[in-house]
Amino acid sequence: MTQQNFGGIGMTSQRTRDRLINRLREQGIKDASVLEVLGRTPRHIFLDEALSHRAYEDSALPIGYQQTLSQPYIVALMTELVLSAGPRKRVLEIGTGSGYQTAVLAQLVERVYSVERILPLQSKARERMRTLGLSNVYMKHADGGMGWEARGPYDAVIVTAAPESVPEPLIAQLDDGGLLVIPVGDGRKQELKLFRKNGANLEEISVTPVMFVPLLEGTVG
């Protein structure tokens, strides 16, 4: 992918960013390309101004509509898992949210197809993609559990909200050899899982306990 230059977007100090990247490295993130992209992506623009001073903490932060901006470690880990079997060309993201995970992926894969059920969040995320000059992101306002069949199949699917069980349409829209990165569980216990589609079989690896907002049905205008 072409390296983005976000130097004109009110950047915080490089020292603050370096501290975040060092923490991610200490937590076990090894993919140099993922660390590089996390280090140069201006996380503060994905938050309301009142919270922007907390952008480079390694914590989840509210973005409204009972949704959150994921912790940088989780964004890095899920992105690393998406890339764990080599370069990905077509990635489906379920849950655009603020667009932060979307922007990170867009710098590492050829195309990102992102579905969001809450229209005001999607509108803000679309504007942020324009601000960052990321033209390889395609967005749809829809129920994420249904995926985006018309643009599939995908060689990876990443889900940023937790269903209690894996939605069948997301598996169906995976290409052979494709990866699904998804938190699964309820409000008490969730596990981040990595699935690999191998013909009619689905290989499953449990990665780590997590806590995401639930994957809800329907749309919000």
Side-chain angles (χ1 to χ4, degrees), residues 1-21 23-24 27 29 33-82 91-109 111-141 144 158-162 181 183 210-213 215-216 220:
M1 300 299 297
T2 303
Q3 181 165 326
Q4 300 291 326
N5 178 8
F6 302 139
I9 308 177
M11 299 287 273
T12 53
S13 76
Q14 191 58 49
R15 187 178 302 162
T16 302
R17 290 162 175 277
D18 289 346
R19 277 200 299 269
L20 173 60
I21 298 311
R23 281 200 300 274
L24 297 179
Q27 289 172 284
I29 303 300
S33 63
V34 172
L35 289 167
E36 181 187 356
V37 167
L38 266 288
R40 69 172 183 249
T41 302
R43 191 170 184 251
H44 58 280
I45 76 165
F46 296 90
L47 290 163
D48 289 340
E49 193 171 342
L51 285 171
S52 61
H53 66 286
R54 298 184 58 193
Y56 301 96
E57 297 175 8
D58 189 24
S59 59
L61 295 166
I63 57 171
Y65 300 91
Q66 297 180 305
Q67 305 297 302
T68 57
L69 172 63
S70 292
Q71 176 189 0
Y73 169 69
I74 294 297
V75 171
L77 175 61
M78 293 177 77
T79 306
E80 194 171 60
L81 290 170
V82 164
V91 176
L92 173 64
E93 178 191 36
I94 302 302
T96 314
S98 69
Y100 179 60
Q101 173 75 78
T102 320
V104 169
L105 283 169
Q107 296 171 74
L108 291 161
V109 306
R111 293 184 182 183
V112 179
Y113 299 89
S114 191
V115 179
E116 173 56 56
R117 63 182 291 273
I118 301 172
L119 187 58
L121 289 182
Q122 184 192 63
S123 299
K124 284 186 178 180
R126 194 186 297 276
E127 183 57 39
R128 288 166 182 143
M129 296 308 114
R130 281 196 288 265
T131 298
L132 297 173
L134 295 170
S135 58
N136 60 333
V137 176
Y138 305 86
M139 293 186 178
K140 182 181 182 182
H141 178 228
I158 182 171
V159 184
T160 61
V181 180
V210 289
M211 189 51 64
F212 279 78
V213 297
L215 182 68
L216 301 176
V220 177

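Positions are given from 1, in the same order as the sequence printed here. This one's a predicted model, so the numbers in the text were calculated from it and none came from an experiment.
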(request) Would you give the length of the straight line joining atom CG of L121 to atom CD of Q67, rounded to the nearest 0.5 angstrom? (result) 6.5 Å
(request) Indicate whether any N or O donor in one side chain lies under 3.5 Å from an N or O acceptor in the other, for Y56 and R17. (result) yes
(request) Kindly compute the distance separating CG (L69) from OG1 (T160), expressed to the nearest 0.5 Å. (result) 10.5 Å
(request) Indicate the atoms forming the closest heavy-atom contact of A103 with F46, along with that distance. (result) CB-CZ, 3.8 Å
(request) Go through the steps to decide whether V115 and L92 satisfy the test side chain to side chain contact (heavy atoms under 4.5 Å, CB included), and finish with yes or no. (result) CA-CA 8 Å; V115 179; L92 173 64; 4.0 Å; yes
(request) Using a 4.5 Å cut-off on heavy atoms from C-beta on, say whether the side chain of V82 contacts that of M78. (result) no
(message) I need the L61 CG to H44 NE2 distance, nearest 0.5 Å.
(response) 13.5 Å
(request) Under the side chain to side chain contact (heavy atoms under 4.5 Å, CB included) rule, what do L119 and V220 come out as? Steps first, then yes or no, please. (result) CA-CA 6 Å; L119 187 58; V220 177; over 6 Å; no
(message) Quick one, S98 and R128 - any side-chain contact, counting heavy atoms below 4.5 Å?
(response) yes
(request) Classify the side-chain pair S70/Q101 by whether it contains a donor and acceptor separated by less than 3.5 Å. (result) no
(request) Of all the heavy-atom pairs spanning P183 and V210, show the shortest one and how long it is. (result) CB-CG2, 3.8 Å
(message) Under a 3.5 Å distance rule, please check whether T41 uses its side chain to pair with a backbone N or O of V104 as donor and acceptor.
(response) no
(request) Can you see which heavy atom on L38 is nearest to which on P72, and at what distance? (result) CD1-O, 4.4 Å
(message) If you compare all heavy atoms of G95 against all heavy atoms of E116, which two are closest, and at what distance to 0.1 Å?
(response) C-OE1, 3.6 Å
(message) Nearest 0.5 angstrom please: T96 OG1 to M129 CE, how far?
(response) 8.5 Å
(request) Compare all side-chain heavy atoms of L132 with those of Q107 and state whether any distance is below 4.5 angstrom. (result) no
(request) May I ask you to decide if R117's main-chain N or O and Q122's side chain share a donor-acceptor pair within less than 3.5 Å? (result) no
(request) Evaluate the criterion side chain to side chain contact (heavy atoms under 4.5 Å, CB included) for residue pair D48 and K124; output intermediate values, then yes/no. (result) CA-CA 11 Å; D48 289 340; K124 284 186 178 180; 3.8 Å; yes
(message) How long is the straight-line distance from CE of M211 back to CD1 of I74, given to the nearest 0.5 Å?
(response) 11.0 Å
(request) Could you tell me whether the side chain of E93 and the main chain of I158 form a donor-acceptor pair under 3.5 Å? (result) no
(request) To the nearest 0.5 angstrom, please state how far the CZ atom of R19 sits from the CG atom of D58. (result) 13.0 Å
(request) Determine whether more than 12 heavy atoms belonging to other residues, nucleotides or ligands lie under 6.0 Å from atom OH of Y138. (result) yes
(request) Report yes if the side chains of L47 and I63 come closer than 4.5 Å at any heavy-atom pair, otherwise no. (result) yes
(request) For the pair E127 and R130, find out whether any cationic side-chain nitrogen is under 4.0 Å from an anionic carboxylate oxygen. (result) yes
(message) On a heavy-atom basis, which atom in A106 and which in N136 lie closest, and how many Å separate them?
(response) O-ND2, 2.9 Å
(message) Just so I know, are the side chains of R43 and Y100 near enough to count as touching, which here means a heavy-atom distance under 4.5 Å?
(response) yes
(message) On a heavy-atom basis, which atom in I29 and which in V34 lie closest, and how many Å separate them?
(response) CG2-CG1, 4.4 Å
(message) Do L105 and T102 make a side-chain contact, defined as non-hydrogen atoms from C-beta onward lying under 4.5 Å apart?
(response) no
